[in-house]
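Working notes for the structure below.
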Amino acid sequence: MTGYDLSAEVITAALMTRWVGRPTVFHRTTSSTQDELKRLAEQGATEGTLVIADEQLCGRGRMARKWIAPARSSLLFSILFRPTFLLPNRAQWVTMVCALAIADAVYEVTGLRPNLKWPNDVLLRDKKLAGILTEIEISQENKIAWVIVGMGLNVNVDFSQLPELSGTAISLSEAIGRPVARLPLLTSLLSHVERRYEALRAGHSPVSEWAAHLLPLGQEVTVVAPEGTFSGFAESVDETGALLLHLPDGRTISILVGDVTLRRKTSERENNGVK
Ligand code: BTN
């Protein structure tokens, strides 16, 4: 019942939203929902368009990593936003809205309260439950043309079958000890995305709520960023979503993109696991 429950018709009929998921494009198998939605965005697809798949052959994570998910085990989808009301350096606010919406939906459906981990992960019991990949197109006039937020949520993944990830990733079914139906989780998540995005459009910043849930604020960490590797104290985040890291030499630097290491190391090739 949990494995074969999704189709464009079933999702559309169950949606409680006005514009998120309208339209919904569903695939049993695709290369990457992110890549497909990018093509649709370039062709003028409307805000709220959802591309969702049971299986991705080339699922992508952050920092050019793969996203691994057995067929029908997960929620794998991308949503198109056109937040013309935001400055390009506030595009990360759309990611924050989606991360908070994942946490809302997981709580609503399972009673479990996930944490968020900078920059884009959703954790449960210190393991990675979901990852978010945000891609942005900026116009020649320096305006946001589109933001595509891709989400991979481990619903019924049996990580004991994926030894390279079992130490660092977790699924909802593992956490609650029984399979979780994907459709109610998806419709709840999309409703929370819509509600939170409309608040954003009305001028409500998600930063303080996002930061309140955020690991590793207040901890000593190592951050691997494109500009280098830095160890220090994770002080806070700024309005753009950048991590403010206090270094041993007294400087505080701001890092917009990177991976935070809390305790464990993970594979360089796959990004499903927490670091
Ligand atoms: C990360 O944690 O690295 C982000 C992972 C994002 C994975 C999702 S699955 C749906 C969408 N399509 C992709 O190819 N990637 C995102």
Side-chain angles (χ1 to χ4, degrees), residues 6 11 20-21 24-41 45 49-81 92 94-96 98-99 101-103 105 114-124 126-136 146-157 159 162 164-165 168-172 182 185-186 189-190 193 214-215 223-226 241 256-262 264 266-275:
L6 299 185
I11 294 168
V20 172
T24 289
V25 179
F26 175 80
H27 294 284
R28 292 268 170 241
T29 303
T30 190
S31 56
S32 155
T33 60
Q34 199 76 0
D35 294 342
E36 178 168 352
L37 189 49
K38 266 184 176 177
R39 280 191 293 275
L40 297 177
T49 300
L50 171 76
V51 176
I52 177 165
D54 266 345
E55 182 182 27
Q56 299 183 117
L57 301 177
C58 304
R60 297 190 286 114
R62 293 174 51 248
M63 318 275 275
R65 299 190 187 101
K66 295 179 191 167
W67 185 263
I68 309 286
R72 298 182 299 276
S73 67
S74 300
L75 285 174
L76 308 169
F77 61 95
S78 302
I79 304 175
L80 173 64
F81 299 94
Q92 185 67 9
V94 183
T95 314
M96 296 175 194
C98 291
I102 293 175
N115 282 115
L116 307 181
K117 178 171 171 249
W118 186 89
N120 288 355
D121 292 347
V122 181
L123 305 189
L124 202 56
D126 288 338
K127 293 183 172 182
K128 186 154 165 173
L129 178 69
I132 302 178
L133 174 67
T134 298
E135 293 175 302
I136 301 160
W146 48 253
V147 174
I148 293 178
V149 184
M151 290 168 255
L153 172 54
N154 303 325
V155 184
N156 295 308
V157 184
F159 282 106
L162 297 168
E164 71 277 22
L165 294 171
T168 54
I170 191 168
S171 65
L172 288 177
R182 291 182 300 164
L185 186 61
L186 176 68
L189 204 164
L190 297 179
V193 168
L214 202 61
L215 297 169
V223 185
V224 179
L256 197 52
V257 178
D259 278 330
V260 170
T261 304
L262 293 170
R264 286 184 282 267
T266 194
S267 157
E268 291 300 309
R269 288 172 296 112
E270 286 122 17
N271 204 27
N272 295 48
V274 70
K275 290 191 171 223

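When a ligand or atom number is given, it counts from 1 through the structure's own listing order.
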Original post:
When you check the gap from the basic side-chain N to the acidic O, do Asp259 and Lys117 get nearer than 4.0 Å?
Top reply: no
Original post:
What residues form a side-chain hydrogen bond (donor to acceptor under 3.5 Å, both in side chains) with Gln34, not counting sequence neighbours?
Top reply: Ser78, Glu135
**OP:** Determine, step by step, whether Phe81 and Ile148 satisfy the side-chain contact (heavy atoms from CB on, under 4.5 Å) criterion, reporting the C-alpha distance in whole Å, the side-chain angles of both residues, the deciding distance to 0.1 Å, and the verdict.
**Re:** CA-CA 6 Å; Phe81 299 94; Ile148 293 178; over 6 Å; no
**OP:** Just jot down the ligand 1 atoms closer than 4.0 angstrom to any heavy atom of Asp121, in number order.
**Re:** 2 (O)
Original post:
Is there side-chain contact between Cys58 and Trp67, with at least one heavy-atom pair below 4.5 Å?
Top reply: no
**OP:** Record the part of Ala69 in heavy-atom contact with ligand 1 below 4.0 Å; permitted values are side chain, backbone, both and neither.
**Re:** neither
Subject >> Verdict with reasoning, Asn154 to Leu172, per side-chain contact (heavy atoms from CB on, under 4.5 Å) >> reply: CA-CA 7 Å; Asn154 303 325; Leu172 288 177; over 6 Å; no
Original post:
Contact between Asn120 and ligand 1, counting heavy atoms under 4.0 Å?
Top reply: no
Subject >> Qualifying residues under side-chain hydrogen bond (donor to acceptor under 3.5 Å, both in side chains), relative to Ser171, sequence neighbours excluded >> reply: Ser173, Glu174
Original post:
For ligand 1, which atoms sit closer than 4.0 Å to a heavy atom of Ser32?
Top reply: 12 (N), 13 (C), 14 (O)
Original post:
Which atoms of ligand 1 have any heavy atom of Ser78 under 4.0 Å away?
Top reply: 11 (C)
**OP:** Taking atom types as modelled, find out whether Glu36 and His27 have a side-chain donor-acceptor pair closer than 3.5 angstrom.
**Re:** yes
Subject >> Nearest candidate to atom 13 (C) of ligand 1, where distance is taken over non-hydrogen atoms, out of Glu36, Gln56, Lys117 >> reply: Gln56
**OP:** Check each atom of ligand 1 against the heavy atoms of Gly61 and keep those under 4.0 Å away; list them by number with element.
**Re:** 1 (C), 3 (O), 4 (C), 5 (C)
Original post:
What do we get for Lys128 next to ligand 1 when only non-hydrogen atoms under 4.0 Å count, side chain, backbone, both or neither?
Top reply: side chain
**OP:** Output yes when the distance from some N or O of ligand 1 to some N or O of Arg62 is under 3.5 Å, and no in every other case.
**Re:** yes
Original post:
Is the shortest side-chain N to carboxylate O distance from Asp54 to Arg28 below 4.0 Å?
Top reply: yes
Original post:
What atoms of ligand 1 come within less than 4.0 Å of a heavy atom belonging to Arg60?
Top reply: 5 (C), 6 (C), 7 (C), 13 (C), 14 (O), 15 (N), 16 (C)
**OP:** Check each atom of ligand 1 against the heavy atoms of Thr33 and keep those under 4.0 Å away; list them by number with element.
**Re:** 10 (C), 11 (C), 12 (N)
**OP:** Would you mind running through ligand 1 and noting each atom that sits below 4.0 Å from a heavy atom of Gly59?
**Re:** 14 (O)
